[in-house]
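Down below is the structure, laid out as structure tokens.
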There are 2 protein chains.
Amino acid sequence: MLKTEKRDEIIRAALEIIAEHGFHGAPIAMIASRAGVGAGTIYRYFANKDILISVLYEDIEDRLFPYILQGYDSERPVRERFLHLGKALLQYFIENPLDFRYVEQFHGSPYGAALRRDRILGARENRDVFHEFFEEGISQQMIKDFPLTVIFDLAFGPVLYVVRDHILDVVKLDNVLITKIIEACWDGIRR
Amino acid sequence: MLKTEKRDEIIRAALEIIAEHGFHGAPIAMIASRAGVGAGTIYRYFANKDILISVLYEDIEDRLFPYILQGYDSERPVRERFLHLGKALLQYFIENPLDFRYVEQFHGSPYGAALRRDRILGARENRDVFHEFFEEGISQQMIKDFPLTVIFDLAFGPVLYVVRDHILDVVKLDNVLITKIIEACWDGIRR
DNA sequence: AGTCTCGGAGTGAATGTTCATTCCTAATGT
DNA sequence: ACATTAGGAATGAACATTCACTCCGAGACT
């Protein structure tokens, strides 16, 4: 019944190594030894490396969305909700830099390009939260009338770049700065 | 005297293949055949693949900056200059999608991480234009007072994401939309 | 209770492939 | 003729994937 345990170890190890060394510098043998399993074992859980890589990505989304939705209240005013979503996103990646590094590499690579039509952050059930939120904001005339995709880019593009800088240690983010940044994002999309 | 010619072919071929298939799916043999040269020839021009990859990146910057600076007039008002820079950046990548795909992959990879402290767009002489521009904008109280890095993220993060969407064909950008987008970026950073 | 059998999870050495790089020969120019 | 440049087969290293084997626990049998 401990199936999950080994599988989790493999996923954790793969995340660590790929985030740090890229898809390149992450041979199966290395992942296996970091996970404390035999190389062959990985193939008992994942048909091949590509599939491991995709599953890993979905795994991150499955942790990210619940985190963001914590304390999200769709009854609150638009601006307040935006600040919540933006901050939560920023915070999640700051707290989980490996996830960020991984997502970043994944998106830039051909693996990620396969996700094409699916929006940058998620395409599962949860995605609807963002969807609905922005659509409501637009119809309430609180948010500029752009295609949804563009609104995403305006709203969260800066957030992701700021996270990168924080991880690369070129900015030091504290709570005050974070709030100011998300407010600036809001200025970008609000009417 | 045709030294340059073969070299350019190699660079072009490498750009095409890497942009499309990633650093992965771009074996030297494939680059060579696309360039119409022998595999060994590549090594007459580039010591190894890593160096080819870095040179390729620098090459892109060397084309990007002159393009952006065309018609840039540091005497014009801050807002106007910002609109110029933003549009030019967007336009360059729309016109050169391979360059964009390449830069994107490069940044997300460990190669790019080596550029750490160097700012996201350039670290050569030209970089100063952006530098100076934002510093001036801040001291004139036209632009919000954030660390320079953050200003970059707020200003150009959205632009790069929009370009990605355009290339992935999830938005259709026309001149009107482009202008509106850059204006929204301005709203994000202006006081 | 003790012994035996079976099945499936786990292993890592062996395999075959893919690749960057080298190096010797051919071609080209001077 | 000589020097320089190009070519691409040959080389060896690195890697993903496979597979023959080990190990272990849960039943079955005595």
Side-chain angles (χ1 to χ4, degrees), chain A residues 1-59 101-102 105-106 108-114, chain B residues 1-59 101-102 105-106 108-114:
Chain A
M1 273 319 97
L2 297 182
K3 283 207 174 177
T4 325
E5 204 171 273
K6 277 224 151 80
R7 202 189 114 106
D8 286 354
E9 274 307 295
I10 292 166
I11 288 200
R12 199 186 45 72
L15 175 65
E16 284 178 22
I17 293 179
I18 295 176
E20 194 176 344
H21 297 96
F23 294 117
H24 289 317
I28 288 285
M30 195 186 288
I31 294 172
S33 91
R34 174 85 66 110
V37 304
T41 307
I42 290 181
Y43 289 85
R44 299 197 55 75
Y45 293 94
F46 305 97
N48 57 50
K49 201 185 180 185
D50 281 11
I51 284 177
L52 169 59
I53 285 171
S54 301
V55 169
L56 196 33
Y57 180 79
E58 286 161 23
D59 223 65
R101 293 281 307 134
Y102 187 88
Q105 301 207 39
F106 187 84
S109 79
Y111 297 107
Chain B
M1 270 316 100
L2 298 181
K3 282 206 174 181
T4 324
E5 204 171 273
K6 275 219 153 74
R7 202 188 115 108
D8 285 354
E9 273 309 295
I10 293 166
I11 288 201
R12 198 186 45 73
L15 174 64
E16 284 178 21
I17 293 179
I18 295 176
E20 194 176 344
H21 298 95
F23 295 118
H24 288 316
I28 288 285
M30 195 184 290
I31 294 173
S33 90
R34 175 82 67 108
V37 305
T41 307
I42 290 181
Y43 289 84
R44 298 199 54 75
Y45 293 93
F46 305 97
N48 58 48
K49 200 184 179 185
D50 281 11
I51 285 178
L52 170 59
I53 285 170
S54 301
V55 168
L56 197 31
Y57 180 79
E58 286 160 24
D59 223 64
R101 292 281 307 135
Y102 187 88
Q105 300 206 40
F106 187 84
S109 78
Y111 296 107

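Convention: sequence-line order gives letters A, B, ...; per-chain numbering from 1.
The side chain of A/R44 lies closest to C/dG10, out of C/dG10, C/dT22, D/dT18. For A/Y45, counting side-chain heavy atoms from C-beta on, the closest listed nucleotide (D/dT17, C/dG10, C/dT21) is C/dG10. Set against C/dT21, D/dT17, C/dT11, the side chain of A/K49 has D/dT17 as its closest nucleotide.
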Task: From CA spacing to verdict: side-chain contact (heavy atoms from CB on, under 4.5 Å), A/Y102, A/D59 - done: CA-CA 11 Å; A/Y102 187 88; A/D59 223 65; over 6 Å; no

Task: Working for side-chain contact (heavy atoms from CB on, under 4.5 Å), residues A/D8 and A/Y45 - done: CA-CA 10 Å; A/D8 286 354; A/Y45 293 94; over 6 Å; no

TODO: Given side-chain contact (heavy atoms from CB on, under 4.5 Å), test A/R7 with A/I42 step by step and report yes or no.
DONE: CA-CA 8 Å; A/R7 202 189 114 106; A/I42 290 181; over 6 Å; no

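When rounded to the nearest whole Å, the span between NZ of A/K6 and P of D/dC23 equals 15 Å. Atom C1' of nucleotide C/dA20 and atom CZ of B/F23 are separated by 16 Å, given to the nearest angstrom. Atom NE2 of B/H24 is separated from atom P of C/dA20 by 12 Å (rounded to the nearest Å). Here C/dG10 presents its P atom at 12 Å from CZ of A/F46, a figure rounded to the nearest Å. Here the P atom of nucleotide C/dA20 and the OH atom of B/Y43 are 6 Å apart, to the nearest Å. Per the geometry, CD belonging to A/E9 stands 13 Å off P belonging to C/dG10, to the nearest Å. Summarising the geometry, the separation between CD on B/E5 and P on D/dT5 is reported as 15 Å, rounded to the nearest angstrom. Here C/dT22 presents its P atom at 9 Å from CG of B/N48, a figure rounded to the nearest Å.
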Show the atom names and distances, to 0.1 Å, of all donor-acceptor pairs under 3.5 Å that link a side chain in residues 15-26 of chain B to residues at least two apart or in another chain.
unit_1, atom_1, unit_2, atom_2, d
B/E16, OE1, B/R34, NH1, 2.3
B/E16, OE2, B/R12, NH1, 2.4
B/H21, ND1, B/I17, O, 3.4

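Using a 4.0 Å cut-off on heavy atoms, the residues of residues 25-42 of chain A that approach DNA chain C are A/V37, A/G38, A/A39, A/G40, A/T41, listed by number.
Within the 4.5 Å cutoff, the side chain of B/R101 has heavy atoms near those of the B/Q105 side chain.
Within the structure, the salt bridge (Lys or Arg N to Asp or Glu O under 4.0 Å) test picks out no pair touching residues 38-48 of chain B (sequence neighbours left out).
With A/F46 as the partner, the side-chain contact (heavy atoms from CB on, under 4.5 Å) test is satisfied by one option alone out of A/T41, A/I28, A/L52: A/L52.
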